[in-house]
Amino acid sequence: MGKRPAPYPEIPAQPNFPEIEARVLARWRREKTFERSVAQRPASSGGAAGDNEFVFYDGPPFANGLPHFGHLLTGYVKDVVPRYQTLRGRRVERRFGWDCHGLPAEMEAERELGVQGRAAIRAYGIEKFNDYCRASVLRYTGQWRKTVTRAGRWVDFENDYKTMGLPYMESVLWAFKTLWDKGLLYEGTRVLPYSWAAQTPLSNFETRLDDSLRARQDPAVTVRFELLPEPSQGGDPLPTELLAWTTTPWTLPSNLAVAVGPELDYALLELDGKNGKRRVILGAACVQKFAAELGAARQVGSVKGRALVGRRYRPLFPFFAELAQPAEGGPGAFRVLAADFVDVEEGTGVVHMAPGFGEEDMEICRAAGLPAPVPVDEAGRFTAEVSDYAGMLVFDANPKIIRDLRERGALLRHETIEHNYPHCWRTDEPLIYRAMNSWYLQVSRFKARMVELNRRINWIPGHVRDGLFGKWLETARDWSISRNRFWGTPIPVWKSDDPQHPRVDVYGGLDEIERDFGRRPRDLHRPHIDEFLRPNPDDPSGKSTMRRVPEVLDVWFDSGSMPFAQAHYPFENREWFEKHFPADFIVEYLAQTRGWFYTMHVLATALFDRHPFANCMCHGVALDTEGRKLSKRLRNYPEPEEVFRTHGSDALRWYLVSSPILRGSDLAVAKDGKPIADVVRGVLNPLWSAWHFFCLYANADGMRARLGGGAEGAAAEAGSHAILDRYILAKTRALVEEVAKRMDRYDLAGACQAVAAHLDALNNWFIRRSRPRFWRARNADGPEDLDKQAAYDTLGRALETLCRTASPLLPFLTDEIYKGLCGGESVHLGDWPDPQKDGLPADPQLVADMDQVREVCSAAFALRRRENVRIRQPLRALTVAGPGAARLRPFVELIRDEVNVKEVRLEADSAGIASLRLQVNARALGPRLGKMTQKIIQAAKQGRWEQDADGNVRVTGEEFGPEGLHLEKNEFDLRLEAREDNDASRQGLQALPSGEAIAALDFRLDETLLREGLARDVVRVVQQARRAAGLHVSDRIRLGLQLPDSYREAVAAFEDYVRENTLATSISSLAAPESDAVPAQCFAAELEGEPVQISVEKAAP
RNA sequence: GGGCCUGUAGCUCAGCUGGUUAGAGCAUCCGCCUGAUAAGCGGAAGGUCCGUGGUUCAAAUCCACGCAGGCCCA
């Protein structure tokens, strides 16, 4: 008999997953699998153009940083969903994008070039600076590509988009111009969060990114503002001062007013000072806080804030003293103003106002006709206007300012407070608030529409729509879109440089610029674009020039433009854009509700009156086990490269995608990566194990599974075991449907759970129960071979379908198995399983029955455990009694084998061993009977009920009257329970959890049963010896045994059994050893404490 | 100060369109099988469902008020 060729790969039981992944990656690259998986799906299904596309937008990462753990998580989701949709037949194009502009790039360039600040950059040369930025932002693209590729993420790097590309930027200009034409842009002066370190204002949402709020210690001072006598009221009887509190002493030199709450009560205190009596005014509710300083003071009156409004005071500093004189009939500076926002929670109820440095200050002061001087330069240093502190960084000036106040007698209290203070997300330096000129998008005008359009978006998790994002939209403010920087899309506005001849031009594209300037920009970046000058057409003298304003656009304007700018819309691809907007799906981390999600929504609403994406998934943040953010500095996370090397990408993918982080919560990642190893153990190994089993036996038998249809037919032909075939195929169908349902809802974790549960059914039920069918010797075309073929067909089909179903979740492993199983093309080029075409029967009843079978077996095992009887010991009989028992008829063989009994009896009547318990269906009963429900539940629990011959059930008891209370059929279930006083002897009883049947195991043993049990014990030790000897599962052996008497007798009585189950061609007795030494070729073991020896010798086949 | 989320077994989390006895995985304990897998399988133990009130015949689930944690906004 010649050796049959192995139809399947010879694979190890313990695979090296990283090695497999490397192989699969090489194959994908060689066979251009990704490209083909996209290309083979038509964009339209024959209906409307593009109707077969699933549109995915890839949020562009900042290009000049390296990919980190968080990117991997997002990347996996960005891969799983498109792979799934591709299987479903959709065309899913995936363009990678690079976010090139903005502060991150500029900061890095400043650092590396040693050029700090705007003035230094101008001196260095804007062109050289920007050239440096351009080169540096693409520095890590290679590393990105490598990591993303290694993670198995399929994305198109060739056809990527870059926000610094000319076409992209031209689309951004178009957006600006379009918004301008709609009247949604304006230029204005406002107080903005300003990063003096980065020398630029930030948008309100940039200050909210990540952990920009950080604890910081600052001085808090309480200062005295000395009121000037009020001649009209005859003057104050004594010198009087207002107390004000601030945590930004450096703004005091710019103080122009103080504000009080008009309706608040203020206390008038009198105290003795060095220079005689004086009076102090502060919020009545705040007096207590200043007990230390004002303890000796007497309250001599109280006054409403309203009454203080208009009073003048002496400026603390001389720098802006001239503003006390009203400019054009206004009231002038250094007066008490009214402001509703003033409260007495913090401070004194009197608020110092520096309109150049506070948003509310500016509003209040502007209403009072006051200017907003800003004596602080771009770098956060005082200007010459404030001569005493000129050149000092404002925070550094605090101590000197406080000292000067003290010397001047203007300081009441100096303390230090720790508070949360916003910091610059790029430089980590504290921000200041500063009046700036800026360009604004008037978001407040279409806020309501954004809220409306948001209702069309499906957010995952759902609460984000009306919660985090919805609430944020409702409070949206105008967006400061300009930055006083260099590396960005230029604001396309040209202004006349002569105010006598004003003119403003806005350009929305290269053609328009060429038309007016006579040449076409080849690069829209500064400084080139700044060189486009022309005479002002509105100036008859011809002397003034149109010059571009210096600002560039906020980088978030770039990324918000991604849906149209990536396609150079509207200059090209008009149709393409229409078909790819809005996106079907995007995913980023939760904080992008302030970033990319938000800016896309703003621009989509303003420009197109549409929502930009239909399904948006927000995931949480990965933290370490201490709850800290993952940081390079702390090295508190498993290195991705290391995980790839040890466990592989599929394990990491599964770990992340199956975790609650996808539902928006945070995930604690253990640095040691143990949970990832658990994925290997719990998911990858079992899947591999099933495949290994298949290969092992199929190769030994030289048989192939027939996958192309007919498996079901083959299963039907086969004998008694075919029910397992039908079961696993029906179970597989249920899996396919469950995973589809989950994936369609973007519940990736749920899909993982379904796959993991299925693996258990496949390995620990179908395969384990089917093993004898794979063991049996071939017998050319006998019934054994038909059954064997059916088993291979079924297992092959189950594996093949499982691979296709799980391929988005485990793209490497499933492709490796699929290729070995089916040959030919990658699993990722196939279709989602179709139960009809793939012959997967729908049989929920069979699946439910099999679940019941497993319950019966579990019950039997529990009974054995209770009685301390090992499973190898055959027992006389298992009885399953109850109305549900008959359904198990087709499974008796299976149960008999699994629980090791000689007979399985199914009986409808369980009266002898079980009693009935009434379980009322409260859901049905409640609406009908209301209050009575609880009493009925009580009665049922106490067994106060009767059943008549027709099966009618009445609960009895005084409260239900003499007749009792009749229950309708749908209002109760009768469940079986083991009877304490059962009439069976030596029987263990265990009710099934379903209550439909009760299992009774007969533990009475006789000589034969005992012997068989011992024979099985012998078989077990022989199997251990086989394994120890390194034999193949199908090798035949000559078996030698040296056993205690009882076992020898058992082997003699069950010799055939022992031979069959150990593949022994002969069994002989070994001579009793003369010493304790074990002969070299023998395997030593113990049976019930007695030493035994076994020799296994490979026999001819 | 306001908003959103979270609070369930030792740990990580399901369940929460109200329905009697609250589940899973991991960890623990006990045991078992073994001609694929000991990186396996089974069984058991483990819970005032954060608290207090309320609605209801019935609350982990709905409502109110708290408490604790996270995030966001003032």
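Atom set for the values below is all heavy atoms of this structure, side chains included, hydrogens, waters and symmetry mates excluded. First the proteins, then the strands, lettered A, B, ... as listed; each starts at 1.
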Considering just the side-chain nitrogens and oxygens of [X], establish if one lies under 4.0 Å of OP1 or OP2 belonging to [N].
X        : N      : answer
R594(A)  : C73(B) : yes
Q1023(A) : U34(B) : no
R681(A)  : G40(B) : yes

Partner nucleotide of [N] by Watson-Crick or wobble geometry (both distances under 3.5 Å):
N      : value
U48(B) : none
A68(B) : U6(B)
U17(B) : none
C30(B) : G42(B)
U56(B) : none

Round to a whole Å and report the spacing from [atom1] of [X] to [atom2] of [N].
X       : N      : atom1 : atom2 : result
D747(A) : G15(B) : CG    : P     : 9 Å
N685(A) : C26(B) : CG    : P     : 14 Å
H692(A) : G35(B) : NE2   : P     : 14 Å
I676(A) : G25(B) : CD1   : C1'   : 17 Å
R872(A) : C32(B) : CZ    : P     : 8 Å
D678(A) : A27(B) : CG    : P     : 7 Å
L759(A) : G25(B) : CG    : P     : 14 Å
D760(A) : U37(B) : CG    : C1'   : 13 Å

Which of residues 857-865 of chain A have a heavy atom under 4.0 Å from RNA chain B? S858(A), F861(A), R865(A)

On RNA chain B, nearest-nucleotide positions of K674(A) versus R1016(A): which is more 5'? K674(A)

Contacts of P686(A) and E360(A) projected onto RNA chain B by closest heavy atom; the upstream (5') one is P686(A)

Nearest of [options] to any side-chain atom of [X]?
X       : options                : answer
K471(A) : A39(B), C4(B), G35(B)  : C4(B)
R768(A) : U37(B), C4(B), C32(B)  : U37(B)
R477(A) : G35(B), A74(B), A27(B) : A74(B)

Using a heavy-atom cut-off of under 4.0 Å over every strand shown, decide if [X] touches base, sugar-phosphate, or nothing.
X        : result
R1026(A) : nothing
N763(A)  : base
N1061(A) : base
Q753(A)  : nothing
L1063(A) : base
I767(A)  : base

Mind checking the [atom1] distance from [N] to [M]? Whole angstroms is fine.
N      : M      : atom1 : value
A22(B) : A39(B) : P     : 35 Å
C49(B) : G66(B) : P     : 22 Å
A44(B) : U48(B) : C1'   : 23 Å
A24(B) : G47(B) : P     : 15 Å
G1(B)  : U17(B) : C1'   : 34 Å
G18(B) : A60(B) : C1'   : 10 Å
U61(B) : G15(B) : C1'   : 9 Å
C57(B) : G10(B) : C1'   : 38 Å

To the nearest 0.5 Å, atom CG of N1061(A) lies from atom CZ of F1054(A) at 12.0 Å

base_contact_polar (A39(B) base, Q14(A) side chain, donor-acceptor, <3.5 Å): yes

More than 12 foreign heavy atoms under 6.0 Å from CD of E855(A): is that the case here? yes

Tell me whether N764(A) at atom CG has more than 12 heavy atoms from other residues, nucleotides or ligands lying less than 6.0 Å away. yes

Does V443(A) reach the side chain of Y598(A), with side-chain heavy atoms less than 4.5 Å apart? yes

Please list, chain by chain and in numerical order, all residues satisfying side chain to side chain contact (heavy atoms under 4.5 Å, CB included) with S1066(A), sequence neighbours excluded. R1038(A)

Identify the two heavy atoms, one from A705(A) and one from Y8(A), that lie closest to each other, and give their separation to 0.1 Å. N-OH, 3.0 Å

On a heavy-atom basis, which atom in S770(A) and which in F774(A) lie closest, and how many Å separate them? O-CD1, 3.3 Å

D1035(A) (side chain) donor-acceptor with K1098(A) (main chain) under 3.5 angstrom: no

Measure the acute angle between the ring planes of F469(A) and W459(A), then classify it against the limits of 30° and 60° as parallel, tilted or perpendicular. tilted

Pair D678(A) + R681(A): basic N to acidic O under 4.0 Å: yes

